[in-house]
2 protein chains.
Amino acid sequence: MAKAGLTEEAVLRAAIAIADEKGLNQVTLKAIADRLRIKTPSLYTYVDGLPGLNNLLAIYGLQTLRNELAEAAVGLSGRDAVHAMGSAYLRFARKNPGLYEATQSVNKWQDERTEKLSSEVIDLVGKVLAAFPQAEKDQTHLIRMFRSICHGFASLDRNHGFGMPVSVEESFFLAIELMLAGIQSEYCENAG
Amino acid sequence: MAKAGLTEEAVLRAAIAIADEKGLNQVTLKAIADRLRIKTPSLYTYVDGLPGLNNLLAIYGLQTLRNELAEAAVGLSGRDAVHAMGSAYLRFARKNPGLYEATQSVNKWQDERTEKLSSEVIDLVGKVLAAFPQAEKDQTHLIRMFRSICHGFASLDRNHGFGMPVSVEESFFLAIELMLAGIQSEYCENAG
DNA sequence: GGATATTACCTAATATGATTAGGTATGTCA
DNA sequence: TGACATACCTAATCATATTAGGTAATATCC
């Protein structure tokens, strides 16, 4: 009986692979154990059951998303920063569909770490939107609009909700463009 | 042994109730059977297992959504119609969270009926957006933007993704408003 | 009104997966 | 070399989905 030398990270990696290949609901302890060539109960050494594993997935997904959003906006400001961050968001969701899915079920568990990571993502969005002249109070509205567009596109795209043979990236770019145009027309030119 | 006199519709109603009360992943044949005071295998008389039930949920959800969207836009046009349809979308998702969730997993099964219903929903959106002067090609982009905002708000709201003590309805209204302002500023006033 | 067919629900059994309890073999270190 | 920790295991239990086939209530036909 050779020891596989597993770690929490190895289990997480296997889970991510299954999630991205077959969807989050295919991430079972059985499937992970099979992939790692061990028996299911052995996994309990590394993760706290299926709920604990889902939490790990959410944390890792949010960390990755936060890092990629932050990196995307480096050195950019204004419209460019918003577009870059939006593109990074969509790219992350497409490249890591299972992991992205995991980040969405976060708020069911009220974990301290996921709460903090979610805040950090929202703060990043807030920063790139802060360049636009909007009433203090509307900051939350605008963050919500941006997040909804990003998540809406990511989610519908993942569920094959976009059937037309038209580039999703192009649609997404235009959506961000119209959002920004809307902000500028509401708050600057036609104010009042 | 008294006969309960069940029907497919009764099973569906029980499933909807559980989905809306406890979430779609709590819709198990066991839970439905318990609620109807019968044994699990008896359900196979009415529905085609759990996959068949999920399909029924998706169909019923899409039908309801389509009807409510259509009704919301009756007698309205232009901005009013778009706002009314958006509000109806969000209202449906909030009032029937489990049913709404079911409509999202539609495209996994490629069912003829769900495909048709999805098209009908998209057509409705296309109709209220058609009042705005946009390039023919951009029609798809705008429909996608509207759907993404609606679904993004609905989904984030359902997952408690909006933590700030700011009205979600107000955020949503502003998002639609900015989308429309963006469309008008891009296509009419500042064209080119 | 009684024989028969259908309906509506049941019990029994199997499969998959999560989880707990507790065992065994392998490696580390005094 | 022997004690112990580690890493993985088997065995057992529970929950749920599903299939097979049985029984009692109801509807139908003569």
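Note on naming: letters A, B, ... go to the chains in the order of the sequence lines (proteins, then strands), and numbering restarts at 1 for each one.
Taking atom OH of residue A/Tyr44 and atom C1' of nucleotide D/dT13, one finds them 12 Å apart after rounding to whole Å. The distance between atom CG of A/Leu50 and atom P of D/dC14, rounded to the nearest whole Å, is 20 Å. A/Leu36 places its CG atom 15 Å from the P atom of D/dA7, with the value rounded to the nearest Å. Atoms CD1 (A/Ile32) and P (C/dT19) sit 11 Å apart, rounded to a whole Å. Per the geometry, CG belonging to A/Asp34 stands 14 Å off C1' belonging to C/dA18, to the nearest Å. Atom NZ of B/Lys30 and atom P of C/dT16 are 21 Å apart (whole Å). In this structure, A/Ile18 atom CD1 and C/dG17 atom P are separated by 11 Å, rounded to whole Å. Atom CG of B/Asn25 is separated from atom P of D/dT16 by 12 Å (rounded to the nearest Å).
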request  = Determine, stepwise, if the pair B/Glu68 / B/Arg91 fulfils side-chain contact (heavy atoms from CB on, under 4.5 Å).
outcome  = CA-CA 9 Å; B/Glu68 298 197 355; B/Arg91 206 179 316 124; 5.7 Å; no

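Base contact: B/Ser42 has a heavy atom under 4.0 Å from a base atom.
Set against D/dC9, D/dT18, C/dT19, the side chain of A/Lys39 has D/dC9 as its closest nucleotide. Of all nucleotides listed (D/dT16, D/dA20, C/dA18), D/dA20 comes nearest to the side chain of B/Pro41. Looking at the side chain of B/Thr40, the nearest of the listed nucleotides D/dT18, C/dC10, C/dA18 is D/dT18.
A donor-acceptor contact shorter than 3.5 Å links the side chain of B/Thr45 to the backbone of B/Ser42. A donor-acceptor contact shorter than 3.5 Å links the side chain of A/Thr114 to the backbone of A/Asp111.
Remark: B/Arg144 is not positioned above the aromatic ring of A/Phe153, lacking an NZ or CZ atom under 6.0 angstrom from the ring centre and at most 45 degrees off the axis.
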